[in-house]
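These figures come from a predicted structure and were not determined experimentally.
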Amino acid sequence: MAPAVVPTFMDQLQKTLRAAGSVADSRSFAAAVIGALRDSGAGGSRHLRALSEGSVARPLQAVADTAHFLVILHGQLPSVLEIARLNADEPAASWLRSAGMAFDQDRRWMAGLAAMTGGALDLHGLSTAEQVVRDQRDAMLTLAKSNRMGCALGAAVTLVLDWQAVRSRLPRAAQHLGYDRHERLSDPWPEDGALDALACHADDVRVRRAIEFGALQLASLHAQLFDLLEARHAQRLG
């Protein structure tokens with residue numbers, strides 16, 4: 001008998017997002033998408049959870065690695081949020097503007113952490129891994145610049161929800177190491193406007209599919225990043 005195939009969290013996310021597309025009204029659709037992303041997004045990363053709990057071996061190198069690669073993926077301008085805002089209707093455009101400003105502050109925090117821990121960065125295989133993440137950034141910007149209405153918004157909402165997991169967990173890891181005296185994180189994080197932002201674009205089934213696609217692809221890019229970080233960590237311990 002063939003072994004059972006265990007669905008990955010990305011399989012589950014894809015299934016849940018597809019189910020969300022059949023919801024009748026736009027606000028229920030938006031709520032279903034946000035619920036799926038919260039259940040299956042970056043908050044489920046084992047590596048990120050271990051960092052925040054202080055249970056990861058060689059924590060300084062792990063934090064340095066995480067901050068360094070997050071800066072490569074998200075530290076440059078423009079962000080997904082800025083690009084998505086250009087073609088968004090209200091109230092999504094105003095929400096994306098606020099989210100973009102908050103994200104800018106958080107990116108400064110991340111850059112500060114990367115600078116402070118940079119001396120501990122694992123140099124083994126670094127250039128290859130950096131190129132992988134640069135390619136991920138290119139893919140992310142392609143999503144944000146898509147002419148397919150809804151794709152950029154789906155990616156932007158995923159970034160906001162996934163970033164909530166990052167910003168709630170990585171600072172704890174930094175504090176375990178005493179690296180907590182630099183740029184403050186934004187407060188509050190503008191997660192609440194995501195529902196209205198999605199709902200105002202979700203009347204058309206084609207736009208819903210594009211939102212689902214953008215959300216799934218951005219979630220996949222984040223999953224690939226955390227898989228890379230976990231693999232590099234395992235290699236250090238190997």
Item checked: Pair listing, side-chain hydrogen bond (donor to acceptor under 3.5 Å, both in side chains) test, anchored in residues 144-154, at least two apart -> none

Check: For the side chain of Trp189 and the backbone of Val160, is there at least one donor-acceptor N/O pair under 3.5 Å apart?
Finding: yes

Notebook entry, point to check: Val33 and Leu195: same hydrophobic cluster, using ILVMFWY side-chain contacts below 4.5 Å?
Noted result: yes

Item checked: Path from Ile83 to Leu81 over hydrophobic side-chain contacts below 4.5 Å -> no

Check: Taking atom types as modelled, is there a side-chain donor on Glu130 or His68 under 3.5 Å from an acceptor on the other?
Finding: yes

Notebook entry, point to check: Are the side chains of Leu51 and Pro59 in touch, meaning some heavy atoms are under 4.5 Å apart?
Noted result: no

Note to self: What's the separation between atom OG in Ser26 and atom CG in Leu198, rounded to the nearest 0.5 Å?
What the structure shows: 10.0 Å

Next item on the list: Go through Glu191 and Arg167 one step at a time and tell me if the salt bridge (charged side-chain N to carboxylate O under 4.0 Å, His left out) criterion holds.
Entry: CA-CA 12 Å; Glu191 194 176 5; Arg167 72 193 303 275; over 6 Å; no

Check: Roughly how far apart are Glu82 CD and Leu77 CG, rounded to 0.5 Å?
Finding: 5.0 Å

Checklist line | Verify same cluster id: Met101, Trp109 (apolar side-chain graph, 4.5 Å) | finding: no

Margin query: I need the minimum non-hydrogen distance between Ala93 and Ala88, along with the two atoms involved.
Written below: CB-O, 3.7 Å

Checklist line | Ser168 (side chain) donor-acceptor with Ala165 (main chain) under 3.5 angstrom | finding: yes

Item checked: Between CD on residue Glu230 and OG1 on residue Thr66, distance to nearest 0.5 Å -> 10.5 Å

Item checked: Linked, directly or transitively: Leu141 and Leu70 (ILVMFWY side chains, under 4.5 Å) -> no

Checklist line | Donor-acceptor pair between Asp135 and Gln131 side chains, under 3.5 angstrom | finding: yes

Item checked: Side-chain heavy atoms of Met110 within contact of Val166, under 4.5 Å -> yes

Check: Which pair of heavy atoms, one from Ala173 and one from Val63, lies closest together, and at what distance?
Finding: CB-CG2, 3.8 Å

Notebook entry, point to check: Any link between Leu86 and Leu218 through a network of hydrophobic side chains (Ile, Leu, Val, Met, Phe, Trp, Tyr) touching at under 4.5 Å?
Noted result: no

Checklist line | Any side-chain donor near an acceptor of the partner, Trp95 and Asp196, under 3.5 Å | finding: no

Notebook entry, point to check: In terms of side-chain heavy atoms, does Gln224 have a donor or acceptor partner in Ser220 at a distance below 3.5 Å?
Noted result: yes

Checklist line | Working for side-chain contact (heavy atoms from CB on, under 4.5 Å), residues Leu159 and His222 | finding: CA-CA 9 Å; Leu159 171 56; His222 280 163; 4.0 Å; yes

Notebook entry, point to check: Are any of the side-chain heavy atoms of Leu121 and Gln61 separated by less than 4.5 Å?
Noted result: no

Next item on the list: Decide if atom CZ of Arg46 counts as having more than 12 heavy atoms of other residues, nucleotides or ligands within a radius under 6.0 Å.
Entry: no

Note to self: If you apply the rule side-chain contact (heavy atoms from CB on, under 4.5 Å), what do you find for Gln105 with Leu185, and how did you get there?
What the structure shows: CA-CA 6 Å; Gln105 184 169 339; Leu185 290 166; 5.9 Å; no

Checklist line | Worked verdict on Val56 versus His233 for side-chain contact (heavy atoms from CB on, under 4.5 Å) | finding: CA-CA 9 Å; Val56 67; His233 182 66; 3.1 Å; yes

Check: In Å and rounded to the nearest 0.5 Å, what is the CZ to OG1 distance from Arg232 to Thr128?
Finding: 9.5 Å

Checklist line | Pair Arg206 + Asp204: basic N to acidic O under 4.0 Å | finding: yes

Next item on the list: Among Ile211, Val205, Val207, find the one that has a side chain to side chain contact (heavy atoms under 4.5 Å, CB included) with Arg209.
Entry: Val205

Notebook entry, point to check: Which atoms form the tightest heavy-atom contact between Met140 and Val80, and what is the distance?
Noted result: CG-CG2, 3.3 Å

Next item on the list: Quick one: sort the His74 and Phe103 rings into parallel, tilted or perpendicular, breaks at 30° and 60°.
Entry: perpendicular

Next item on the list: Write out all pairs satisfying side-chain hydrogen bond (donor to acceptor under 3.5 Å, both in side chains) with one or both partners inside residues 115-124, taking only residues at least two apart or from two chains.
Entry: Asp122-Arg236

Margin query: Taking Ser98's backbone N and O only, do any of them form a donor-acceptor pair with Arg85's side chain (distance below 3.5 Å, no angle check)?
Written below: no

Checklist line | Residue pair Leu225, Val133: steps toward the side-chain contact (heavy atoms from CB on, under 4.5 Å) verdict | finding: CA-CA 7 Å; Leu225 173 64; Val133 180; 3.9 Å; yes

Notebook entry, point to check: How close do Ala174 and Leu113 get, heavy atom to heavy atom, and via which atoms?
Noted result: CB-CD1, 3.9 Å

Notebook entry, point to check: Do Arg107 and Ser79 have a side chain donor and acceptor closer than 3.5 Å?
Noted result: no

Next item on the list: Test Leu37 against every option in Leu216, Leu161, Asp162 by the side chain to side chain contact (heavy atoms under 4.5 Å, CB included) rule and name the one that passes.
Entry: Leu161

Checklist line | CZ-CD distance between Phe69 and Gln136, expressed to the nearest 0.5 angstrom | finding: 10.0 Å

Margin query: So which atom in Leu153 and which in Ala92 form the shortest heavy-atom distance, rounded to 0.1 Å?
Written below: CD1-CB, 4.5 Å

Checklist line | Shortest non-hydrogen contact between Gln76 and Ile72, atoms and distance | finding: NE2-O, 3.8 Å

Item checked: Distance, nearest 0.5 Å, that separates CG of Leu143 from SG of Cys151 -> 5.0 Å

Checklist line | Main-chain N/O of Leu73 paired to Arg137 side chain as donor or acceptor, under 3.5 Å | finding: yes

